[in-house]
Student: 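Pasting a structure below so you can have a look.
To find a chain, count down the sequence lines: A is the first, B the second, and so on, and within it residues start at 1.
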Amino acid sequence: MLDKNGIAKRIAKEIKDGYYVNLGIGIPTLVANFIPQGINVVLQSENGLLGMGPFPFEGEEDADLINAGKQTITTLPGSSIFDSAMSFGMIRSQKIDLTILGAMEVSENGDIANWKIPGKMVKGMGGAMDLVASAKNIIVAMQHVNKAGESKLLPKCSLPLTGVNCIRKVVTELAVLDILPEGGFRLVERAPGVSVDYIKQATAGKLFADENAPEMILN
Amino acid sequence: MLDKNGIAKRIAKEIKDGYYVNLGIGIPTLVANFIPQGINVVLQSENGLLGMGPFPFEGEEDADLINAGKQTITTLPGSSIFDSAMSFGMIRSQKIDLTILGAMEVSENGDIANWKIPGKMVKGMGGAMDLVASAKNIIVAMQHVNKAGESKLLPKCSLPLTGVNCIRKVVTELAVLDILPEGGFRLVERAPGVSVDYIKQATAGKLFADENAPEMILN
Amino acid sequence: MINKVVAGADEAISDIKNGSTLMLGGFGLCGIPENCIAALVRKGVKELTCISNNAGVDDFGIGLMLQQHQVKKMISSYVGENAEFERQLLSGELEVELIPQGTLATRCMAAGYGMPAIFTPAGVGTEVAEGKETRNFNGKDYLMEYAFDADFALVKAWKGDTAGNLIFRSTSRNFNPVMAMAGKITIAEVEELVEPGVLDPDHIHTPGVYVHRIFQGANYEKRIEQRTVRPRN
Amino acid sequence: MINKVVAGADEAISDIKNGSTLMLGGFGLCGIPENCIAALVRKGVKELTCISNNAGVDDFGIGLMLQQHQVKKMISSYVGENAEFERQLLSGELEVELIPQGTLATRCMAAGYGMPAIFTPAGVGTEVAEGKETRNFNGKDYLMEYAFDADFALVKAWKGDTAGNLIFRSTSRNFNPVMAMAGKITIAEVEELVEPGVLDPDHIHTPGVYVHRIFQGANYEKRIEQRTVRPRN
């Protein structure tokens, strides 16, 4: 079973040289720490930056330079700054090669719910609806089951949707799964030490699982 | 009867302090030479400049700095440069207070034709259709009659239209005329030495002309 | 050049009335019009509709206006960090319209570019699409979203000149340029106000034509919401 | 940063094929991709559809491609200064679609911003409106115009870095940034190519994400169409 860093590490392997990548808040942010050496990647922050660098050294924080999670960050040589309209313009026109974001629920037809829980204070969707509606390549980083042990990979989302039929890959603490164009999750890799049966029991949506699905290699 | 400079001089009197103005090619370009002292005006050139200055001194021409007529120009302190999409964005959103352009024909309901003569090589409409469709305040600078002596202020345009129901004021070598919201030209001022009768004969469209219409004062 | 300078925030916002619709630039607390917000609190104008990506925090940004019950409605994409906001929302004092961040930005841009409506795929198939026209282009569904119509846009820039030209610094640019284009009246506060000719025309982010009033702000706090750092080795 | 540098114009345009649709930046002869045009002439690729505000003059700019009969169709707003153009048009060799300049720019922008269509009042009630959807918003009629779909955009910038970031100089900016955003493949030629970090992120007009290939051009002629001067006193 993977911890958050493990999920991030596995997702980082999906990043190809030359990619422009948008990382959501939470586990996706951790992905930046595991991008392999020699892979050139440009991180987009949807508040208006291409080429997001690491956090600043203490004392060098700049209130004018934050990411979409409102964290102080830095630029890198080759960075560019732009306004919010251009930022979402490049998202809509699919200039971003890969989008990684969290989810509360994903369904077997690629719907995603990650912004609203009825009865709870709604904070807003931020840029998530734009990202999932536009991106050509989206990976969801999420927990396979909730704290009550219930699956979050469902036949149909129970929560209000963020986007429909848009997710193609999910990485959880248990597995890597593709979502098939015709519907259904396909087990691609098991987390270290996790059995196919365990993944079956944790997946409420339709699952296509080869009994010989390989264990993921993280290093 | 006015010459081209006279028409430009009369139009310049319509410019108010603080105006942003777009000047078309031809007589409208001359208007810049007659803007009264003490009147602050910013000229827009739709290829992407606010704050167009005079022609450069000889030897100081800059191939990268031209106006929409492709003439070498200069900037002024306070100028700004922008791309073509923003340029027409500010035109469409009516940030330009006054547009002055030429015409081949104008009709009594405010239609304008100034881009195409059937049977002749068509050069294109450039930005004229955008300007006439968007501007809140358009003055047409034109000849009252063509070389054959035929009126160019018509009940209905005979040439392909550039825009419909958009012109509110026309300045010719003979007169200043408003176009009434309900249709028809209204004589506002006569050019020096031109009689009301003469203007009547030169105007094919419906004309409302007070016999006592004043002569324009140019200085 | 046309001189657009006003003495300060109080003069700049003097004609904002109860019930006005305002756009406020900024992302989180980054690039917000601090001086204008302070002046709005002093003026006590109420029943405001505020279009802003966020709603500030309890004791800063738009949060200061919420404390004074000046806001009737927020139009935002994310309103997460604000307890008083939550209280007013749950009690029904405050109306909130949540819209996708890109839709928010593009509806501002649409106003600035004289486009009455735009098409975006954001929100298709979700509750955001309810009551909206959906249209298919090239096999993909889009929502038609309307340009915003705001009485005033309040933006904050780094440098500006007396002709209204603005330059933003780093990611404090965010929503400021698109809102500056979109307001019927646009008020810009800047950290440094200079004479025309000081700013390079090629560096201007917002041409002066969009800005109606400008002043040099004072006492910028520029509060950081999430101070994240890395250790020096 | 991702390195996008190619050796020169010939390599940059090597996969442009007969029948491709190209966008070419520039206004008149100002800011045109001189090196790419020369390479297209050398390559002799034909049947091109060219989206460009103008068509050059007889012996420069797109006029050079017209001389070699490489252009099947021009999509422009103004094509006035070109005798060979006129000859080909009248003989039926060349197809021309004239569209309003703002519509041209905005259809480029729409492609770059992922908007399938936009609304503009330009051309309402004229022959430009024929066959197009007209729609009324707030009492005013607008035409719906579609985003362009271009295989390649060829743009010319002043400075660029190896990551593809571009800065334009003065009014040579014109259509270049909106076309840079709009091409499926965008090729940028620059007067000066620098390493990442040299250009200020706040001064970038076109972020590198839009640019697929970049090279430092050579021998810029930068011809002036209308040399207008004033006397020194």
Student: Which residues from residues 139-158 of chain C are near chain D, with near meaning under 4.5 Å between non-hydrogen atoms?
Tutor: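 Within residues 139-158 of chain C, near chain D: C:Tyr142, C:Met144, C:Tyr146.
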Student: What part of D:Phe168 is in contact with chain C, defined as an atom under 4.5 angstrom from a non-hydrogen atom: side chain, backbone, both or neither?
Tutor: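 Looking at D:Phe168, just its backbone touches chain C.
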Student: Is atom NZ of C:Lys184 surrounded by more than 12 heavy atoms (other residues, nucleotides or ligands) closer than 6.0 Å?
Tutor: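 Result for NZ/C:Lys184: enclosed.
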Student: With only heavy atoms counted, which part of C:Arg169 is less than 4.5 Å from chain D, the side chain, the backbone, both or neither?
Tutor: both
Student: If you take all heavy atoms of D:Phe119 and C:Ala117, which pair is closest and at what distance?
Tutor: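 Of all heavy-atom pairs spanning D:Phe119 and C:Ala117, the closest is CD1-O, 3.7 Å.
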Student: Which residues in residues 189-205 of chain D have a heavy atom less than 4.5 Å from any heavy atom of chain C?
Tutor: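 If one takes a 4.5 Å heavy-atom cut-off, the residues of residues 189-205 of chain D near chain C are D:Pro201, D:Asp202, D:His203, D:His205.
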Student: Taking CG in D:Asn136 as the centre, count heavy atoms belonging to other residues, nucleotides or ligands within less than 6.0 Å. Is the count above 12?
Tutor: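 Atom CG in D:Asn136 is crowded, with more than 12 foreign heavy atoms closer than 6.0 Å.
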Student: Need one label for C:Thr171: side chain, backbone, both or neither, based on atoms under 4.5 Å from any heavy atom in chain D.
Tutor: neither
